Amino acid sequence: EPEVTQTPSHQVTQMGQEVILRCVPISNHLYFYWYRQILGQKVEFLVSFYNNEISEKSEIFDDQFSVERPDGSNFTLKIRSTKLEDSAMYFCASSGVAGGSTGELFFGEGSRLTVL
Amino acid sequence: GNSVTQMEGPVTLSEEAFLTINCTYTATGYPSLFWYVQYPGEGLQLLLKATKADDKGSNKGFEATYRKETTSFHLEKGSVQVSDSAVYFCALIRNTGGFKTIFGAGTRLFVKA
């Protein structure tokens, strides 16, 4: 069964360092997303991406964040200069259709980011 | 704006007990509604969905009915098992365009043997 894969599963970094989280969405999906979950709490939307550009982003997704689909299979989230409050589980998701009636999301297992 | 409110947890039940997790929503237009489940140490996975009023989603013994009049999508299961212990998230997608799934805060369920 096709699945979304994420790497690394866990990353520890120093405050101020750059971090790149990688995702391989399901191959025939067109819509890609990043969500984060702080300490098992609410799942927060960060950004959605379609047709090689950002479709929507939240207030959390400020200038420190960027996304890229560099090669047609990977979908990356970059945090330019990490802060302590960026410590969270970051989930990549993909869907076959947009925010429509069957827009169910397929999630990866998550990348845990710890900022020291 | 669009939002999802679900009952606070944790919910602790004995095996074979009846489960209800309440979920209500606020949305413009007619959203599609979802329940996602997160098992310990894993990502979220879709449990069930309903795309229009009066639809009933069901999967693995869980059910939820899309109630437009009460803007609710309560999750129910007649007889829970220890393996159902997880966090359950109610969610919606706007059907008026847009790409964002909006999640509730999640309800943690513990089932004791």
Side-chain angles (χ1 to χ4, degrees), chain A residues 1-7 9-10 21 23 25-26 29-51 53-61 67 89-112, chain B residues 1-10 23 27-53 55 57 59 64 66 73 85-110:
Chain A
E1 186 175 319
E3 59 181 18
V4 176
T5 57
Q6 290 185 238
T7 54
S9 56
H10 188 193
L21 305 178
C23 169
I26 293 174
H29 281 183
L30 302 175
Y31 301 88
F32 314 113
Y33 312 82
W34 284 100
Y35 285 81
R36 78 174 186 190
Q37 186 180 33
I38 295 177
L39 218 60
Q41 294 173 19
K42 189 166 189 171
V43 177
E44 300 175 300
F45 170 79
L46 293 178
V47 65
S48 59
F49 191 86
Y50 169 68
N51 201 26
E53 60 183 23
I54 291 173
S55 340
E56 193 168 354
K57 61 183 181 180
S58 71
E59 292 174 355
I60 302 167
F61 196 88
V67 289
M89 183 72 92
Y90 288 81
F91 289 105
C92 175
S94 66
S95 68
V97 294
S101 61
T102 56
E104 63 192 76
L105 299 174
F106 292 79
F107 282 88
E109 300 268 316
S111 293
R112 180 172 297 283
Chain B
N2 302 298
S3 65
V4 176
T5 302
Q6 55 183 112
M7 63 188 285
E8 287 189 28
C23 170
T28 53
Y30 302 97
S32 293
L33 302 174
F34 304 82
W35 278 100
Y36 285 85
V37 59
Q38 184 179 30
Y39 298 104
E42 298 183 12
L44 284 76
Q45 55 186 275
L46 180 70
L47 180 60
L48 53 83
K49 66 181 180 184
T51 58
K52 60 183 188 297
D55 266 3
N59 185 27
Y66 189 142
F73 193 54
S85 297
V87 181
Y88 293 83
F89 293 90
C90 187
L92 69 82
I93 279 182
R94 303 164 293 186
N95 274 345
T96 52
F99 299 84
K100 183 167 69 174
T101 298
I102 296 166
F103 288 86
T107 302
R108 185 175 295 278
L109 170 66
F110 291 106

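Every chain is numbered from 1, with letters handed out A, B, ... down the list of sequences. Just so it is clear, the values below take in all heavy atoms, side chains as well, and ignore hydrogens, waters and symmetry mates. This one's a predicted model, so the numbers in the text were calculated from it and none came from an experiment.
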(request) Decide side-chain contact (heavy atoms from CB on, under 4.5 Å) for F103(B) and Q37(A); before the verdict, give the C-alpha distance in whole Å, the side-chain angles of both, and the deciding distance to 0.1 Å. (result) CA-CA 11 Å; F103(B) 288 86; Q37(A) 186 180 33; over 6 Å; no
(message) Looking at T101(B), is its backbone amide N or carbonyl O close enough to the side chain of Y33(A) to form a donor-acceptor pair, meaning the two atoms are under 3.5 Å apart?
(response) no
(request) Measure the spacing between CD1 of I102(B) and CD of E44(A) and express it to the nearest 0.5 Å. (result) 13.0 Å
(message) With rounding to the nearest 0.5 angstrom, report the CD1 to CG distance, I93(B) to L105(A).
(response) 5.5 Å
(request) Side-chain contact test, heavy atoms from C-beta onward, threshold under 4.5 Å: evaluate it for E42(B) versus F107(A) and give yes or no. (result) no
(request) Considering non-hydrogen atoms only, spot the tightest contact between K100(B) and F45(A) and give its length. (result) CD-CD2, 3.1 Å
(message) Do Q38(B) and F91(A) make a side-chain contact, defined as non-hydrogen atoms from C-beta onward lying under 4.5 Å apart?
(response) yes
(message) Return the CD to CG distance between E104(A) and L47(B), rounded to the nearest 0.5 Å.
(response) 11.5 Å
